[in-house]
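Here's the structure we're looking at; comments come further down.
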Amino acid sequence: MSWSISAVGKASAVAEACEKQFKAMEAYPCPEPEESAKQAIRQMIARLCAAQSRPNAMAVKVSAAGSMSWSNNQTEPKEVANTVSFTFDSLWGFVE
């Protein structure tokens, strides 16, 4: 299972765009522990964007992605591998 979100702009608009993308994924939850990782990043994005919500705050760029894979053959036990990446960048010099 894999997922990804991204948005660039004023923090309040980025928070809304990311939340809309996460909402769209709710119909297809990831297996655990990937779903917990995705929800933790969802909360971090909301908090970080809220901290940048001053009227004169700089723009931000957010991207996050995750994936989970597993192997289950007859000779080895099931192995689970998770990969998660998350970036939150303040954009200096961003103009509209």
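Keep in mind the model is a prediction, meaning the values are calculated, not measured. What you see below is based on every heavy atom in this structure, not just the backbone, and it leaves out hydrogens, waters and symmetry mates.
- Linking Ile, Leu, Val, Met, Phe, Trp and Tyr residues whenever their side-chain heavy atoms come within less than 4.5 Å leaves Val80 and Val84 in two separate clusters.
- Residues satisfying the side chain to side chain contact (heavy atoms under 4.5 Å, CB included) test with Ala59, not counting sequence neighbours, are Leu91, Phe94.
- There is a path of hydrophobic side-chain contacts, each under 4.5 Å, that joins Met25 to Ile41.
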Solution key, residues 16-24 side-chain donor-acceptor pairs under 3.5 Å, sequence neighbours excluded:
unit_1	atom_1	unit_2	atom_2	d
Glu19	OE1	Arg42	NE	3.1
Glu19	OE2	Arg42	NE	3.3
Glu19	OE2	Arg42	NH2	2.4
Gln21	OE1	Ser6	N	3.2
Gln21	NE2	Ser6	O	2.9
Gln21	NE2	Ala17	O	3.3

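- Applying the side chain to side chain donor-acceptor pair (under 3.5 Å) test to pairs two or more places apart or on separate chains, none has a residue in residues 43-52.
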Give every donor-acceptor pair under 3.5 Å between a side-chain atom in residues 60-69 and any protein atom, sequence neighbours left out.
unit_1	atom_1	unit_2	atom_2	d
Ser63	OG	Thr87	OG1	2.7

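- With sequence neighbours excluded, the residues satisfying side chain to side chain donor-acceptor pair (under 3.5 Å) with Asn82 are Glu34.
- Rounded to the nearest 0.5 Å, atoms OH (Tyr28) and SG (Cys30) are 13.0 Å apart.
- In this structure, Trp92 shares a hydrophobic cluster with Met58, the cluster being traced through Ile, Leu, Val, Met, Phe, Trp and Tyr side chains under 4.5 angstrom apart.
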